[in-house]
Amino acid sequence: MSKELEKQYNPKNVEDRIYKTWLDGKYFHAERDESKQTYTIVIPPPNITGQLHMGHALDNTLQDILIRFRRMQGFDTLWLPGTDHASIATEAKIVEAMKKEGLTKEDLGREKFLERAWDWKKQYGGRIVEQLKKLGSSCDWDRERFTLDEGCNKAVNEVFVRLYEKDLIYRGNRMVNWCPFCNTSISDAEVEYEEKDGNFWHLLYTVKETGEKLELATTRPETMLGDTAVAINAEDERYKHLHGCHVILPLLNKEIPIVCDEHADMTKGTGVVKITPAHDPNDFEVGQRNNLPIVRTFTYDGRLTGAEDKRIADELIASGRATENEPEVLDCGKYAGMTTKEARKAILADLEAGGYLKEVEPRKHEVGTCYRCHNTIEPMVSKQWFVRMVPLAKPAIEAVEKGETKFIPERFTKNYLNWMNGTRDWCISRQLWWGHRIPAWYCEECGKMTVSKTNVDTCPHCGSKNLNQDPDTLDTWFSSALWPFSTLGWPEETADLKHYYPTNTLVTGYDIIGFWVSRMIFSALEYTGQVPFDTVLIHGLVRDAQGRKMSKSLGNGIDPLEIIDQYGADALRFTLATGNSPGNDMRFSDEKVEASRNFANKLWNAARFVLMNLDENEPAPYVPENLAIEDKWILSQFNTLAKEVTASLDKFELGLAVQKLYDFIWDVLCDWYIELCKIRLNSEDAEKKATCKGVLVYVMSNTLKLLHPFMPFITEEIWQTLPHAGESIMISEWPKFTDELVFTDDETEMERIMTAIKAVRNRRAEMNVAPSKKAEVYVATSYKDTFEIGKEFFKRLASASDVQVADSFDIEGSVSIVTADATIYLPLAQLVDFEAEKKRLNKELAEAEKKLGFIENKLNNPGFLAKAPEAVIAQQKEDGAKLQEKIALLKSSIEKLG
RNA sequence: GGACGAUUAGCUCAGUUGGUAGAGCAUUCGCUUGACGUGCGAAGGGUCAGCGGUUCGAGUCCGUUAUCGUCCACCA
């Protein structure tokens, strides 16, 4: 025995050590090799605020499987890692930490705040990277990037300026989603709608000209101070007499017009809508169409505006520097300074007191909330930067329609196209400090704006030095959108960019197709003229055992690191890869990980068995001429496995690939081949022993290779102890299907023996015969040669004391077992109830005849014969013939019983 | 309101060119079998949600209904 393994696999003794050898060997590092085909994946950069969760574990397991597979296949592979600065999440964390010291952002100032943020990044930003390593991720860490590093920042500025110059980025007062809690605008994609209980408040506005009361409903009465019109539909017969009239806005006693607009739907409510252009997206549009003033009544921190707010706005307007759609601001008087919630209460009370509140109708409705803090979003007109989406979306839609980028599974294409087709201009400015600062400068002298890739200290319009850079930063997704090429050096024409771009596969969850995938695609097309990747592999969510989404608030998250600690990274990876089909959610449970751990242990012990049987100066490769039937059988099976696993991986069917490996290793290799090997290994025949060992080593080490992408640690550990050439399994050659290992006839013969053995075991178990009670076995068959070879197998695997093979036997009072190829007699007469035996055989006969009838029906069907493929017909004929043989044998057995 | 997904053994899920169904766990029976009890051998258990259609043949394709779920949508 040359080497010894422990009786149980202990991942803790293995994983960190192995990972270090991979790092030391530089196997993850991509060296550009022009002679090879490239395979590139860029990691979806995890947030630096993040801790590894199951979603990351799944996402990175899938990526690592693909990368390891292609690497072994000989591709020049690059898996490029990195992290995302996560502007809003990180900033919130830091603000929170400062709060404990009694500090605010403003106390510190921008520069000091950013210092803190970078310190925080240094301290915690690497945490998730270390956690990815625990999983076994084979990323090229030498190329690790950060969305806020110098290169990415350069790319961001380049893109911003180019888009600005093409008028695809603009600044203006538009309706945005404002989070008063995070104190920033967020994009449409970042709004989550939640159903909440609310009311329709039916209000009465008096018509100035006629004195009648006009009824209208609103879900947000607190916005009424900002109403600058009410709208009716021009076709609405009920209100035709009011065209051109006005209403008196309650509480303010302000006269506002009644306008006709398509937005007013005659079929809903009373057909009258109040219009608040500053605080409702629809109303903003109505205001635009009807030239209504925009009156802002909310501050950016979610309170009602007062005298000071009005003064600032008035000053701006007076200065002449206000831009298009600059809102006026109302001094809300007694309501000033109230939160919107307080204001709702106060305003409703006053409306009621004034007789303006007709009715309160309870109603559930969808309320927009901030994806981060889940507070209610206030729609607000605000001056922000936007990306003009329509011209950018068009090529991105076409590229996917043409199949330049494919989604797997295919159905997500529709999801993507819907998103792209419906998308509105993208609000990209954020009132945050942690992020890419907008490269625009405003001149205090002439008021003009300059957009530039580099710092501007002199105004190009007037020569003034009195310039201020825009204080806002860009949406985090703006930099992530450039990730596939900014990380490779773009806008420089770097060697990496030329070699590895466009990338191949993007692996991500369906939840960020809109946020991220779509933006990468249109960005890549715009700046690089190519799609960023050819395939998007979409996976689902990992849910808990009850099927609930894992979340912090529920506290039902399962920590992948704890699972790794308890069961090993391989078991975790195997669990995530197995039984999981693309795009579908999966449930995660300890039982599943246990099953994976058991599988690892099974493999480990199979390897132990092989090693126990090798001695110092072996291994010699097997000699093909000496191969036994079971050798040819396993080699042929392995050969098929290699073909199928490769095909499955090519098609991104990782779950199927892993299932095939599991079945092969457990059911074929361990349960049959290793058991059969014991016969020769325990014999004294040196040549047979050598052949057996040679085949064992061959099959074991090549199977390990196929399994390696899924379970990298254990396969490496075992492979290193087996005879091997090369430094590491992860850079060894991927097994290929080969004609030399096709042994169809031997497989067929082997199946005959196996079927018979299973039938004997089955009978013995039914009759409760202890395995220790050996019995003679008589095999009556026309395949005498085959069963002669199989004699020893029966002894080993079917508790046979001795085996006789002949054309037929005439044995009284024995159990008979019928397969398609043989009738087997067990002389266990004393255990047999012959009546029961007869019944059993008759039952079997009936089943066989039923099956045969079904097949014959098919074969007598002219339609089937004419249209079914030949292979299917041949198969049916063969099955039919087998059944006929079996039926004949059953009949004769029954006869013998009398 | 739209789109998509799920519905297969008690539970969790596979099933990819349409040929009457598989795994793991659970259950039952048996096993000190010299790799492994994180194991070995065996068994039971399914009109593949309902209905209709295409087809020689449908879990698989089409239509429809039901239940559950997800995403998207400006409905006062």
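Each chain gets a letter, A, B and so on, in the order the sequences are listed, and its residues count up from 1. On a predicted model such as this, the values are computed, not experimentally measured, just so you know.
- Other residues, nucleotides and ligands place no more than 12 heavy atoms under 6.0 Å from the NZ atom of A:Lys877.
- Between the CG atom of A:Asn857 and the P atom of B:C56 there is a distance of 16 Å, rounded to whole Å.
- A:Ala595 comes within 4.0 angstrom of the backbone, heavy atoms only, and of no base.
- Here the side chain of A:Asp671 is nearest to one of B:G41, B:A35, B:A42, namely B:G41.
- Here the P atom of nucleotide B:G39 and the CD atom of A:Gln8 are 10 Å apart, to the nearest Å.
- The side chain of A:Ser581 lies closest to B:A14, out of B:G39, B:U70, B:A14.
- The base of B:A35 sits within donor-acceptor range of the side chain of A:Lys678, with an N or O pair under 3.5 Å.
- At a cut-off of 3.5 angstrom, counting only N and O atoms as typed in the model, there is a donor on one side and an acceptor on the other between the side-chain of A:Lys602 and the base of B:C36.
- Electrostatic pairing of A:Lys850 and A:Glu847 does not count as a salt bridge here, judged by no charged N lying under 4.0 Å from a carboxylate O.
- Below the 3.5 angstrom threshold, one finds no donor paired with an acceptor across the side chain of A:Glu215 and the base of B:A76.
- At a threshold of 4.0 angstrom between heavy atoms, the contacts of A:Ala264 include nucleobase atoms, whether or not backbone atoms are also involved.
- Between A:Arg543 atom CZ and B:A6 atom P the separation is 14 Å, expressed in whole Å.
- Taking atom C1' in both B:A3 and B:A73, one finds a spacing of 10 Å when rounded to whole Å.
- A:Phe200 comes within 4.0 angstrom of the backbone, heavy atoms only, and of no base.
- Comparing A:Phe609 and A:Ile757 along RNA chain B, the residue whose closest nucleotide (by nearest heavy atom) sits nearer the 5' end is A:Phe609.
- Counting atom types as modelled, A:Glu653 pairs a side-chain N or O with a base atom of B:U16 as donor and acceptor under 3.5 Å.
- Under 3.5 Å, the side chain of A:Asn861 and the base of B:C56 form no donor-acceptor pair of N or O atoms.
- With rounding to whole Å, A:Trp666 atom CH2 is found 13 Å from B:A35 atom C1'.
- Considering only side-chain N and O atoms, A:Ser589 lies nowhere under 4.0 angstrom from the phosphate OP1 or OP2 of B:U12.
- Across the C1' atoms, B:U12 and B:G53 are found 33 Å apart, a figure rounded to whole Å.
- In this structure, the side chain of A:Glu849 does not engage the main chain of A:Ala846 through any donor-acceptor pair within 3.5 Å.
- Looking at which nucleotide of RNA chain B each of A:Lys867 and A:Glu591 is closest to, the 5′-most match is held by A:Glu591.
- Nucleotides B:U32 and B:G24 have their C1' atoms positioned 27 Å apart, rounded to a whole Å.
- Rounding to whole angstrom units, CG of residue A:Asn418 and P of B:C72 are separated by 11 Å.
- The environment of NZ in A:Lys358 is sparse: at most 12 heavy-atom neighbours from other residues, nucleotides or ligands sit within 6.0 Å.
- Remark: B:G57 base-pairs with no nucleotide in the shown strands. Criterion, Watson-Crick or G-U wobble with two distances under 3.5 Å.
- The pairing partner recorded for B:G44 is none, the criterion being a Watson-Crick or G-U wobble arrangement whose two distances lie under 3.5 angstrom.
- Judged by Watson-Crick or G-U wobble contacts below 3.5 Å, the nucleotide B:A3 has B:U70 as its partner.
- Counting any heavy atom pair closer than 4.0 Å across all strands shown, A:Phe599 reaches no nucleic acid atom.
- Between the side chain of A:Thr218 and the backbone N or O of A:Trp201, no donor-acceptor pair lies under 3.5 Å.
- B:U8 and B:A58: their C1' atoms are spaced 14 Å apart (whole Å).
- A:Glu675 comes within contact range of at least one nucleobase, with a heavy-atom separation under 4.0 Å.
- Spacing between B:G22 and B:U38 at atom P, rounded to whole Å, works out to 29 Å.
- The nucleotide B:G37 finds no pairing partner, because no Watson-Crick or G-U wobble arrangement with both distances shorter than 3.5 Å includes it.
- Using atom C1' as the reference point in both B:U65 and B:U28, the two lie 40 Å apart (nearest Å).
- Across all strands shown, B:A23 forms a Watson-Crick or G-U wobble pair with B:U12, both key distances being under 3.5 Å.
- What separates CG of A:Leu661 from P of B:G24 is a distance of 15 Å, to the nearest Å.
- Nucleic acid contact for A:Lys274: none, since no nucleic acid atom lies under 4.0 Å from a heavy atom of the residue.
- Distances were taken from every side-chain heavy atom of A:Asn282 (C-beta onward) to each of B:C74, B:G15, B:G19; the shortest belongs to B:C74.
- Put simply, the side chain of A:Arg597 and the base of B:U38 share a donor and an acceptor less than 3.5 Å apart.
- Remark: B:G52 base-pairs with B:C62. Criterion, Watson-Crick or G-U wobble with two distances under 3.5 Å.
- Between the side chains of A:Asp879 and A:Gln875, at least one donor N or O lies within less than 3.5 Å of an accepting N or O.
- At a threshold of 4.0 angstrom between heavy atoms, the contacts of A:Pro869 include nucleobase atoms, whether or not backbone atoms are also involved.
- Set against B:A73, B:U16, B:A42, the side chain of A:Leu656 has B:U16 as its closest nucleotide.
- Remark: C1' of B:U38 and CZ of A:Arg608 are 13 Å apart, rounded to the nearest angstrom.
- Under a 3.5 Å cut-off, the side chain of A:Asn290 and the backbone N or O of A:Leu292 do not form any donor-acceptor pair.
- Under the 3.5 Å distance criterion, with hydrogens and angles disregarded, no donor-acceptor pair is assigned to the side chains of A:Thr819 and A:Lys758.
- Other residues, nucleotides and ligands contribute over 12 non-hydrogen atoms within 6.0 Å of the NZ atom of A:Lys678.
- Residue contacts for A:Asn584: at a heavy-atom cut-off of 4.0 Å it reaches the sugar-phosphate backbone alone, with no base atom in range.
- The side chain of A:Asn415 contributes no N or O atom lying less than 4.0 Å from OP1 or OP2 of B:A3.
- Taking side-chain N and O atoms only, A:Arg587 has a distance below 4.0 Å to OP1 or OP2 of B:C13.
- Look at CG on A:Asn762: it is 8 Å from C1' on B:A43, rounded to the nearest Å.
- Nearest nucleotide to the A:Cys670 side chain, out of B:G15, B:A35, B:C56: B:A35.
- Rounded to a whole angstrom, the distance from the C1' atom of B:G44 to that of B:C29 is 10 Å.
- Comparing B:G30, B:A35, B:G19 against the side chain of A:Pro771 picks out B:G30 as the nearest.
- The side chain of A:Val273 lies closest to B:A76, out of B:U38, B:A76, B:A35.
- Distance check on atom P: B:G59 versus B:G37 gives 42 Å, rounded to whole Å.
- Taking a 6.0 Å sphere around NZ of A:Lys882, one finds it holds 12 or fewer heavy atoms contributed by other residues, nucleotides or ligands.
- Closest to the side chain of A:Asn768, out of B:A76, B:A14, B:C29, is B:C29.
- In this structure, of B:C74, B:A76, B:G15, it is B:A76 that holds the atom nearest to the side chain of A:Asp265.
- In this structure, B:G18 forms no base pair with any nucleotide, since neither Watson-Crick nor G-U wobble geometry is met with both distances under 3.5 Å.
- Between B:A3 and A:Lys414, no contact under 4.0 Å exists linking OP1 or OP2 to a side-chain N or O.
- If you check every strand for non-hydrogen atoms under 4.0 Å, A:Gly583 touches nothing.
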